[in-house]
Amino acid sequence: MKRLEKIITLVAAVCFVWILFLALLQVFCRTVLGVGVPWTEEINRLFFVYLVYLGAAVSVIKGEMIAVDTVLQALKGAVRVVAEKVILVFNVLFSAMMLLSGIQMLRTVWPTTFATVPWLSNGFLYIPLVISFAIMLAAFTGKLLAGKR
């Protein structure tokens with residue numbers, strides 16, 4: 001998982017650099033050249049979606065997802081252990097549901113394209129969702145089977 005985490009982090013960093021570059025290009029073209037470049041906004045959105053979902057996968061691998069655990073912190077002993085297992089089971093089920101839904105959406109929207117980039121399928125917006133939730137499903141399942149939180 002450590003190697004996968006590094007690869008995902010690298011891809012997310014590349015996405016961030018592209019977001020920055022395309023935003024600067026868009027500003028330059030509008031202010032200096034007086035020409036709008038409409039495709040930069042859609043491609044930026046695509047990179048942002050990849051950045052968010054890949055970042056979420058890395059957070060799950062590292063165990064650094066934001067959680068409201070006030071009730072969980074108040075629990076002690078066996079009750080807390082059971083509650084942690086129940087939460088992990090729900091995480092596994094939710095990740096599996098999102099993975100299956102992402103695959104369905106990917107198939108559904110694949111024939112459609114971006115308005116300003118007609119050669120690029122809208123399905124590319126759902127690829128990071130599928131990848132991310134597949135990784136999250138594996139990570140949560142591994143934690144559940146290993147007895148970790």
Side-chain angles (χ1 to χ4, degrees), residues 1-73 83-149:
M1 277 293 202
K2 209 64 165 160
R3 183 175 164 89
L4 180 62
E5 176 190 326
K6 287 184 178 187
I7 292 168
I8 294 170
T9 302
L10 178 65
V11 172
V14 169
C15 288
F16 179 76
V17 169
W18 274 106
I19 289 168
L20 182 62
F21 171 75
L22 290 174
L24 291 173
L25 176 67
Q26 188 176 31
V27 169
F28 175 79
C29 288
R30 286 188 187 201
T31 56
V32 176
L33 303 178
V35 177
V37 185
W39 60 266
T40 57
E41 187 176 332
E42 285 189 317
I43 300 300
N44 245 355
R45 182 172 40 249
L46 182 65
F47 280 122
F48 187 71
V49 168
Y50 275 79
L51 179 68
V52 168
Y53 278 106
L54 294 176
V58 169
S59 295
V60 168
I61 291 170
K62 288 182 165 185
E64 296 177 351
M65 288 293 287
I66 296 172
V68 179
D69 60 354
T70 308
V71 174
L72 189 61
Q73 293 295 330
E84 288 173 348
K85 293 285 185 198
V86 168
I87 291 169
L88 273 174
V89 167
F90 277 113
N91 284 335
V92 166
L93 293 173
F94 180 76
S95 296
M97 181 195 68
M98 290 299 294
L99 174 61
L100 294 174
S101 298
I103 291 169
Q104 182 180 7
M105 283 301 298
L106 181 60
R107 289 179 178 161
T108 302
V109 302
W110 192 262
T112 65
T113 61
F114 286 91
T116 59
V117 190
W119 51 267
L120 189 61
S121 170
N122 280 313
F124 282 99
L125 282 170
Y126 292 92
I127 290 173
L129 184 141
V130 171
I131 293 169
S132 177
F133 278 102
I135 293 167
M136 288 183 201
L137 178 61
F140 285 134
T141 303
K143 290 176 185 183
L144 184 64
L145 295 176
K148 294 180 182 176
R149 178 169 178 247

Could you go through residues 57-68 and list every donor-acceptor pair under 3.5 Å that involves a side-chain atom there, pairing it with any protein atom two or more places apart or in another chain?
from  : atom 1 : to    : atom 2 : distance (Å)
Ser59 : OG     : Gly55 : O      : 3.0

Sequence neighbours left out, cut at 3.5 Å: what donor-acceptor pairs do the side chains of residues 36-44 make with other protein atoms?
from  : atom 1 : to     : atom 2 : distance (Å)
Thr40 : OG1    : Val37  : O      : 2.8
Glu42 : OE1    : Thr116 : N      : 3.0
Glu42 : OE1    : Thr116 : OG1    : 2.4

Name the atoms and distances for all side-chain donor-acceptor pairs under 3.5 Å in residues 90-97, with sequence neighbours left out.
from  : atom 1 : to    : atom 2 : distance (Å)
Asn91 : ND2    : Ile87 : O      : 3.4
Ser95 : OG     : Asn91 : O      : 2.9

Under 3.5 Å, sequence neighbours excluded: what are the donor-acceptor pairs made by side chains of residues 6-29?
from : atom 1 : to   : atom 2 : distance (Å)
Thr9 : OG1    : Glu5 : O      : 2.7

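By the salt bridge (charged side-chain N to carboxylate O under 4.0 Å, His left out) test, Arg107 is found to be paired with no residue, residues two or more places apart in sequence or in another chain being considered. Residues satisfying the side chain to side chain donor-acceptor pair (under 3.5 Å) test with Thr112, not counting sequence neighbours, are Asn122. The side-chain contact (heavy atoms from CB on, under 4.5 Å) check on Ala134 picks up Leu99, with sequence neighbours excluded. With sequence neighbours left out, the ring pair (Phe, Tyr, Trp, His ring centres under 6.0 Å) criterion links Phe140 to no other residue.
Residue pairs satisfying the ring-ring contact (aromatic ring centres under 6.0 Å, His included) criterion with at least one member in residues 105-132, sequence neighbours excluded, are listed as follows: Trp110-Phe124.
Taking OH from Tyr53 and CG from Leu125, the interatomic distance works out to 10.0 Å, rounded to the nearest 0.5 Å.
Put simply, the side chain of Leu46 reaches to within 4.5 Å of the side chain of Leu120, judged on heavy atoms.
Closest approach of Pro128 to Val49, counting heavy atoms only: CG-CG1, 3.7 Å.
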